[in-house]
Asker: 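My structure is below; once you've seen it, I'll send some questions.
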Amino acid sequence: MIKDMFDKQVIELKKLWGNKRQLLFQLLNLAMIVFSALMIWKGLMFMTKSESPVVVVLSGSMEPAFQRGDILFLNNAVEEVGVGDVVVFKIKDRDIPIVHRILKVHEDENGKVELLTKGDNNRVDDRGLYAPGQLWLEREDILGKATGTLRYVGMVTIALNDYPVLKYVLVGMMGLFVLTSKEG
């Protein structure tokens, strides 16, 4: 069944290669899909004021509130975050953001707000995760406050990160299907 489907796609691709005008049309279709996705992402970034408006929970540190593989929707447009809010923050010199709950809010005499976080399933606060010498998070470390979730949908992302070859196979197959799909 899969071999037949693959063979049909190869035949369609050969036909497409012979018709340069149709090939150009399909390539433009593919480019429109990619640029549409980028525009949606940039629009979400603008509306939520977050560099990453959607994140996947990668560990079990927030169980039972959030499971590994849950997708969280973030909003960084809210100015104030408080104790009990689930936030996503980034540590200096680390690539992967962390999803944890605010445990304490500390405001100094100058009005500067500092935050201490902790995973619901962790025994201790996050000071051990912060950059060396850092005891508190600042507001600019926060990527956003969690405002919504989709349960387990992010497991696909985790699988694609765990098996990079799968990522390239899926992207290649999607590109092949878009190129060989017929209009009407």
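Not measured: the values here are computed from a predicted model. As a basis for the values below, the full set of heavy atoms in this structure was taken, side chains included, without hydrogen atoms, waters or symmetry mates.
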Asker: Excluding sequence neighbours, so at least two apart, what forms side chain to side chain contact (heavy atoms under 4.5 Å, CB included) with Lys14?
Answerer: Val10
Asker: Members other than Phe89 in its cluster, when Ile, Leu, Val, Met, Phe, Trp, Tyr link by side-chain heavy atoms under 4.5 Å?
Answerer: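 Its cluster partners, ordered by chain and number, are Val81, Val83, Val87, Ile91, Ile98, Ile102, Leu103, Val105, Val113, Leu115, Leu116, Leu129, Tyr130, Leu135, Trp136, Leu137, Ile142.
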Asker: Does the Asn121 side chain pair with the main chain of Gly60, one donor and one acceptor, at a distance under 3.5 Å?
Answerer: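 Yes; at least one donor-acceptor contact below 3.5 Å.
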Asker: Which atoms form the tightest heavy-atom contact between Lys92 and Gln134, and what is the distance?
Answerer: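 Smallest interatomic distance, heavy atoms only, reads NZ-NE2, 4.4 Å.
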Asker: Might you work through the side-chain contact (heavy atoms from CB on, under 4.5 Å) test for Val99 and Val86, ending with a clear yes or no?
Answerer: CA-CA 7 Å; Val99 179; Val86 175; 3.8 Å; yes
Asker: Among residues at least two apart in sequence or on other chains, which ones pass side-chain hydrogen bond (donor to acceptor under 3.5 Å, both in side chains) with Lys112?
Answerer: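 With neighbours one apart ignored, the set is Glu138.
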Asker: Under the ring-ring contact (aromatic ring centres under 6.0 Å, His included) definition, can you give me all pairs with a residue in residues 27-67, not counting sequence neighbours?
Answerer: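 Not a single pair qualifies under ring-ring contact (aromatic ring centres under 6.0 Å, His included).
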Asker: For Asn110, does the CG atom have more than 12 heavy-atom neighbours from other residues, nucleotides or ligands under 6.0 Å away?
Answerer: yes
Asker: Say you draw a straight line from CD1 of Ile40 to CE of Met45; how long is it, rounded to the nearest 0.5 Å?
Answerer: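 Between atom CD1 of Ile40 and atom CE of Met45 there are 14.5 Å.
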Asker: Please list every donor-acceptor pair under 3.5 Å in which a side-chain atom of residues 151-170 meets a protein atom from a residue at least two apart or in another chain.
Answerer:
unit_1, atom_1, unit_2, atom_2, d
Arg151, NH1, Ala65, O, 3.1
Arg151, NH1, Asp70, OD2, 2.6
Arg151, NH2, Ala65, O, 3.0

Asker: If two hydrophobic side chains count as joined below 4.5 Å and joins carry through other members, does Val55 share a cluster with Ile71?
Answerer: no
Asker: According to side-chain hydrogen bond (donor to acceptor under 3.5 Å, both in side chains), who are the partners of Asp7, at least two apart in sequence or on a separate chain?
Answerer: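 Checked Asp7 against side-chain hydrogen bond (donor to acceptor under 3.5 Å, both in side chains); matches are Lys3.
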Asker: Holding to side-chain hydrogen bond (donor to acceptor under 3.5 Å, both in side chains), I want the full list of residues that pass it with Asp120, two or more places apart in sequence or in another chain.
Answerer: Arg101
Asker: Whether Asp125 and Lys104 form a salt bridge (side-chain N of Lys/Arg under 4.0 Å from carboxylate O of Asp/Glu) is what I want to check.
Answerer: no
Asker: Identify, with sequence neighbours excluded, every residue that meets side-chain hydrogen bond (donor to acceptor under 3.5 Å, both in side chains) alongside Lys20.
Answerer: none
Asker: Among pairs that include at least one residue of residues 77-91, which meet salt bridge (Lys or Arg N to Asp or Glu O under 4.0 Å), considering only residues two or more places apart or in two chains?
Answerer: Glu51-Lys90, Asp85-Lys145
Asker: Hey, any chance Val56 and Phe73 share a hydrophobic cluster, counting ILVMFWY side chains that come within less than 4.5 Å of each other, even indirectly?
Answerer: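 The answer is yes; both residues are in one hydrophobic cluster.
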Asker: Using the side chain to side chain contact (heavy atoms under 4.5 Å, CB included) criterion, which residues pair with Ser50? Sequence neighbours excluded.
Answerer: Thr48, Leu74, Asn76, Leu143
Asker: Mind jotting down which residue pairs meet the salt bridge (Lys or Arg N to Asp or Glu O under 4.0 Å) criterion with at least one end in residues 53-67? Sequence neighbours excluded, please.
Answerer: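 Matches after skipping sequence neighbours: none remain.
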Asker: Could I get the full list of side chain to side chain contact (heavy atoms under 4.5 Å, CB included) partners for Ser59, not counting sequence neighbours?
Answerer: Ser61
